[in-house]
Amino acid sequence: MEIVRIFDTTLRDGEQSPGFSMTVAEKIRMARQIESLGADVIEAGFPIASRGDLEGTRAVAREIRSCTVAALARARRDDIDAALARARRDDIDAALDGLSGAAHPRLHTFLATSDLHLHHKLRMTREEALEAISSNVRYARERCAEVEFSAEDASRTDIDYLCEAVGRAVRAGATIINLPDTVGYSVPEEYAAMFQKVIEYLDGAEGITLSAHCHDDLGLGVANSLAAIRAGVRQLELTINGIGERAGNAALEEVAVLLHVRKATIGMTTNIHIDKLYATSRMLTEITGVAVPPNKAVVGANAFAHEAGIHQDGILKNPLTYEIISPEAVGVPKRQLVLGKHSGRNALRAALAELGYEPNAEELDECYRRVVALADESKTVPTRALLTIAHQVFRKHGSHTAVAAE
Ligand code: KIV
Ligand code: ZN
């Protein structure tokens, strides 16, 4: 089965969105977790953006040994340094500095290619942008063995011009070509057609890895990522909990579980250890203090909770009736709670916290009464039953689940 490489950009695209900034120590902790999750590439930061971003990238690059570490840099118009009589490349130099301790470094440089961005944002002509792509990618490739080029706003770029831009990047030495749906505007067929055209233009794209990077402004991030791999893309850029600019990026946990659950239909897989998804999601919410919505696919507190009587009855008879994946498969802790009459409130509070619930005193009391009643009857309280109890109690009290998004 073919492998789709996962490029995790939680620490860059995710971290740069409001409310998600992390300290250097937090970035290291998160990067270690993402490495153990099985991501192939971790984008550690955008070093020219700030001192903190540079230090965070350096620290992650030194720490992570088994996967590739990427750093982002703008491809800029040539700025000739009179003293040195050569173009200055501050962005790429900062990214190279950030990557200096990396075992497997990747320089990721980008330039917008849509007329909208070129004209209104960059005030560059198409020809100037092509020149900048060639010279920046070449400069990066002379200093870093692996270079990725992203054509920002690719999905709104004139397709013939996009092909020309990609051709320039490839000829200058980029081996990974990322074509983002920067503003989450594309629909799946359109996004797939763009990749097919580029693959044709590159004559099959032998030796080039095509990459998709989908924002979720219309809720199509995962659908567009799926369409892209069906068109020949073999790298997906994703974030934990789908965090990222505006409506976020396609969520890593959703794509990994999709390719796992529907592997017979899709025929592609990832190196992600799906049993670590829940812990990874929880670590991010704990570090940032921002909860995932309760109904979020795969990692939301209600993702495995069943409320309707018919559903509960079905689940007890055979979980497959209403669950396409078990909570344990994505790492929701498997527990058989045994609670006595006079003990166990703290254990129950801890168990609820692991599942994303933070009960007040009244909610804890009610959960406790129900758990003890169940334990009296059946000796143990499995995770699925605890999720159902918590869901019902929190619903009744009108509380939000999980760590509040203050
Ligand atoms: O959304 C986007 O276009 C990006 C690029 C910089 C890769 O994040
Ligand atoms: Zn992005």
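We count ligands from 1, going down the list as the structure has it; atoms in each ligand are counted the same way.
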Is it the case that ligand 1 has an N or O less than 3.5 angstrom from some N or O of E237? no
Within the 4.0 Å heavy-atom shell around P180, which atoms of ligand 1 are there? 2 (C), 3 (O)
Any salt bridge between E237 and R12, counting N to O under 4.0 Å? no
If hydrogens are left out, which of F46, F110, F7 has an atom nearest to atom 6 (C) of ligand 1, that is, the closest non-hydrogen atom? F110
Atom of A151, atom of P180 and distance for their closest heavy-atom approach: O-CD, 3.0 Å
If we number the atoms of ligand 1 from 1 as shown, the ones under 4.0 Å from a heavy atom of H215 are 1 (O)
Region of E245 engaging ligand 1 - heavy atom pairs below 4.0 Å: neither
Donor-acceptor check, side chain of Y368 to backbone of R349, threshold 3.5 angstrom: yes or no? no
Going by heavy atoms in the side chains, are V137 and R168 under 4.5 Å from each other? no
What's the shortest distance from atom 3 (O) of ligand 1 to any protein heavy atom, and which residue and atom give it? T182 OG1, 2.6 Å
Taking atom 4 (C) of ligand 1 as the reference point, the nearest protein heavy atom with its distance: H213 NE2, 3.5 Å
Starting from the Zn ion (ligand 2), look over the N/O/S atoms of H213 and name the nearest one. NE2
Using distance alone, determine whether H108 and ligand 1 share an N or O pair under 3.5 Å. no
Electrostatic pair E253-K296, nearest N-O below 4.0 angstrom: yes
Provide the number and element of each atom of ligand 1 under 4.0 Å from a heavy atom of E152. 3 (O)
Look at D181 together with R156 and state whether they make a salt bridge at an N to O cut-off of under 4.0 Å. no
Cationic N near anionic O, under 4.0 Å, R51 to E55: yes
What residue and atom, counting heavy atoms only, is the protein's closest point to atom 5 (C) of ligand 1, and at what distance? R12 NH2, 4.0 Å
D13 N/O to ligand 1 N/O under 3.5 Å: yes
I'd like the atom name of the N/O/S atom in D13 lying closest to the Zn ion (ligand 2). OD2
D216 (side chain) donor-acceptor with A250 (main chain) under 3.5 angstrom: no
Could you tell me whether D53 and K27 have a side-chain N and a carboxylate O separated by less than 4.0 Å? yes
